[in-house]
Amino acid sequence: MYTASEIEACLPIRSDMDLVWVRQHVRQAAALLGFGLVDQTKLVTAASELARNTLVHGGGGQLDVTPVTAGFGHGLRLTFSDTGPGIADLERALSDGFTSGDGLGMGLGGARRLVHEFEVESAEGSGTTVRVTSWVSRPPRAREER
Amino acid sequence: MNEAYSRPEAGQVPVLRLGDILLVTLQGDLHDSTAQQLQQDLSETIVSAGVTGVVIDISGVEIVDSFLGRVLAEIAAQASLLAARTVVAGMRPAVAITLVELGLTLPGLRTALDAQAAMALLEQPVVRSHAGGMRRERA
Amino acid sequence: MPEHEAGGPLGTPTLEVRDFLRRRREQIAQRWADEPLFRAVFTLSRDEAVEAGKAVVDALAQVADAQRVEDSDAAGFTGVREQLGRMSASRSRAGLSITQVSNELASLWPPVDKLLTSELEERPAEELRACTTALSTLMGTLRVVAVQTALSEGQALIDRQRLQLLEVATPVIRLWDGIVAVPLIGTLDSARSQVVMETLLNAVVDQHARFAILDITGVPTVDSLVAQHLMKTVAAARLMGAECVISGIRPAIAQTMVHLGLDLGSVLTRASLADALGYCLNELGVAVSGPADGSAVRR
C-alpha cells in the first residue's frame, strides 16, 4: 500500500527540468496507486503535455497532485495552474490542430483523450487551471463471498 | 526510475557511427533542451560524417509526448533533405498506444522493431524504403 | 398448554407464529427434510437436512420475534442467507430455472401450514386465519430472500465469468517465425478492444514479430467504435515497426463498414487468415511449395 504523502505533491513548473520532475512524480504516483503500464504512460504523457502548456503559454505555474477515491475506485487528480494570459477561446484551444506555440497542436485536445476527466477554467488575463483525473481501471471484481 | 533520476547532464545522447549509419540511442526521460540540441547536432553530423542512414533507438524511452514526437519527425525530415534515411526503432507498446490515442500517428516516419531490424531496413535498396510501417498493398 | 394460549390476549398473530415455530422446530425440520428442495441438496445425510431445516426455522422465528415478517432485509435472515443461496445455487446447477427453484421454496409452506392449522384448530376461526396469514407472509418473505440471494450469486458469477472471458478470449498464436495472429471471437466492446490491442502489441515485442494478423472471422458485427479500435491497433503496430493485417472481414461486415462510411483504406486486409498468412510469408521471403510437383500452395 501507499501513503498519501508519497502521492500528494505540489510541484513548481518553471523550467524544462521541472517537466522531468513532473513526469517522474506522476509516473511514481500512478504506479503506487496501481495503474497499469499503459494507463501510467497515458497519464504521464498527458501530464507532460499539460505541464508544457503551463510553462510555455502560462509563463510557469504549478502542479498539484492528489489521490482521489470514489466508491471502491482509486484515481489520481492533477491540477495545473498558472497566472498567465489565459485562454481567450477555450472551444478552439481544445480542438485538434489548434496551436498557439510550437508543437503539433495536440496539447490540450490530445491530453483530454488520454485521461478520464478533464476540466479547464480560464479567462483572458486571469490565468488557466486545468484539472484532469484518471481512475485505476480494474476489471469487474467478483463480489466477496459472504 | 532511479536510473532516470541519476541521469547525466542534459545534452548527453550517445551517438555511434557504424559504417554509413548513425545509431542514436535515447534513454530515460529526455529534457526538451536535450532533444532540441540533438536535432541540431544530428544535421551537422550527417553532413560532416556523410552518412546515409540514421537509426534512433527509443526502446529505452518510457514516454513520447507531442514535443518529442515532433522532434523525431523533424529529424527524419531534415535527414531526408540531407539524403539520409531515418528509422525509429524499438518503440514500446504502451508508448505506441499513447501516441495513437494522442492523435500522433507520425505518418512518413519509418519504424522498425529494434535497432538491428532498423539497420537491416537501411541496407535494403532505396526502392523499398517504405518497408516497415508504410508499405502499401501492391497490385 | 392450549388453554394457556387461548386465554392469551398476549400475542399478536405474529408472536403466536413465533411461539409455534419454536415449539415445533424439530417437527417442521423433519417434514422439510422430505421435501424435494432439501432432499436434493443434502443428498449425503438426512440429519444434515434436518439441521439445515432447523436453522431456517430459527431464522423465521427470529424474524417473527422482531415483528418484521414482511421485511426481506430483516436481520433474522442474515444467518440463513448463505445457506439459502447455496441451496438455490445447487438447484440451479442441477438445471432448474429460477421459477422452479422458487416453486420448490413455495412447497415448504404447506407442511408448516398444516401443522399450524391442526395445532390451533380449536381456536376461533378469525384468530386462526390471522395466524395462517402471518405464517404465509413470513414464508413468502423467505422465498423472496432465497430468490434474491440466488440472483445476486448469479450476478457475482457473471462478473467472474466476464473477467475470465477477457483473459481467455485473446489468445495470441505464433504462426511463423515473425508472424503472430489473434483470432477474435465474439463481440468486441471497448474494454475488450483495449485488451486485444495491448495483448497483440506485447506479443509483437515478445515474439519479435514483423507481422501481426487480426482475424475477425468470429466477430459478428463491427460498428464504428470497433473499427476505430482496429485502426488504432494498426497505427500503434506501425509505430512499433510491425505491420498489422486484418483478415476475415465477412461480406456482411464489409457492407456495414461501407454503410457507416468507414475508411479502412490505409489498412491492409485479406479475405481469410490463410490469405493473410500467405501475404506475410511472401513478404518475409518464405516460399511454400507443394509436395511432389513443387507447385506453390499459396501465394
Side-chain angles (χ1 to χ4, degrees), chain B residues 55-66 68-70 72-73 76 85-124 128-139, chain C residues 170 172 177-180 182 190 193-212 225 227-247 249 263-271 275-276 278-280 282-285 299:
Chain B
V55 173
I56 307 177
D57 184 349
I58 59 166
S59 58
V61 173
E62 285 177 349
I63 82 150
V64 175
D65 58 11
S66 61
L68 188 53
R70 181 185 64 119
L72 292 176
R85 289 178 290 159
T86 307
V87 182
V88 171
M91 187 183 290
R92 297 181 181 190
V95 173
I97 292 172
T98 303
L99 273 184
V100 169
E101 211 68 59
L102 194 60
L104 272 181
T105 49
L106 301 175
L109 196 69
R110 282 183 207 84
T111 54
L113 286 178
D114 55 23
Q116 202 185 349
M119 303 282 229
L121 193 62
L122 288 174
E123 276 159 18
Q124 288 170 1
R128 295 215 30 189
S129 68
H130 275 265
M134 288 303 292
R135 198 191 304 99
R136 290 288 160 87
E137 182 176 352
R138 279 169 307 199
Chain C
T170 324
V172 181
D177 197 18
I179 307 175
V180 292
V182 176
S190 194
S193 304
Q194 198 70 36
V195 175
V196 167
M197 191 198 262
E198 287 187 39
T199 317
L200 185 72
L201 298 181
N202 283 327
V204 162
V205 174
D206 296 344
Q207 307 276 346
H208 207 79
R210 272 266 284 116
F211 292 93
L225 197 76
Q228 226 171 49
H229 274 292
L230 292 177
M231 312 264 283
K232 280 182 189 168
T233 310
V234 171
R238 251 178 212 168
L239 284 173
M240 292 171 55
E243 193 168 3
C244 190
V245 186
I246 297 183
S247 69
I249 300 184
D263 181 21
L264 287 181
S266 59
V267 175
L268 197 55
T269 55
R270 279 291 181 273
D275 290 341
Y279 165 81
C280 299
N282 186 40
E283 287 294 309
L284 286 173
R299 287 148 289 148

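What you see is a predicted model; the values in this text were computed from it and never measured. Residue numbering restarts at 1 for every chain, and letters A, B, ... go by the order of the sequence lines.
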Would C:M231 and C:V267 count as a side chain to side chain contact (heavy atoms under 4.5 Å, CB included) here? Give the steps. CA-CA 7 Å; C:M231 312 264 283; C:V267 175; 3.8 Å; yes
Considering only heavy atoms and a distance below 4.5 Å, find which of C:Q194, C:M197, C:H208, C:E198 pairs most often with chain B.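 Ranked by heavy-atom pairs under 4.5 Å with chain B, first place is C:H208.
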Once you round to the nearest 0.5 Å, how far does OG1 of B:T86 lie from CZ of B:R110?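 Between atom OG1 of B:T86 and atom CZ of B:R110 there are 7.0 Å.
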Report yes if the side chains of C:L225 and C:S193 come closer than 4.5 Å at any heavy-atom pair, otherwise no.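 When only atoms from C-beta onward are counted, C:S193 and C:L225 do not touch, as no gap falls below 4.5 Å.
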With a 4.5 angstrom heavy-atom cut-off, could you sort out which part of C:A209 is near chain B: side chain, backbone, both or neither?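 Only the backbone of C:A209 comes within 4.5 Å of chain B.
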For a side chain to side chain contact (heavy atoms under 4.5 Å, CB included) check, start with the C-alpha distance between B:V88 and B:I58, then their side-chain angles and the critical distance, and finish with the verdict. CA-CA 7 Å; B:V88 171; B:I58 59 166; 3.7 Å; yes
Against chain C, work out which of B:V95, B:D114, B:T105, B:T98 has the most heavy-atom pairs shorter than 4.5 Å and name it.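 Winner by heavy-atom pair count: B:D114.
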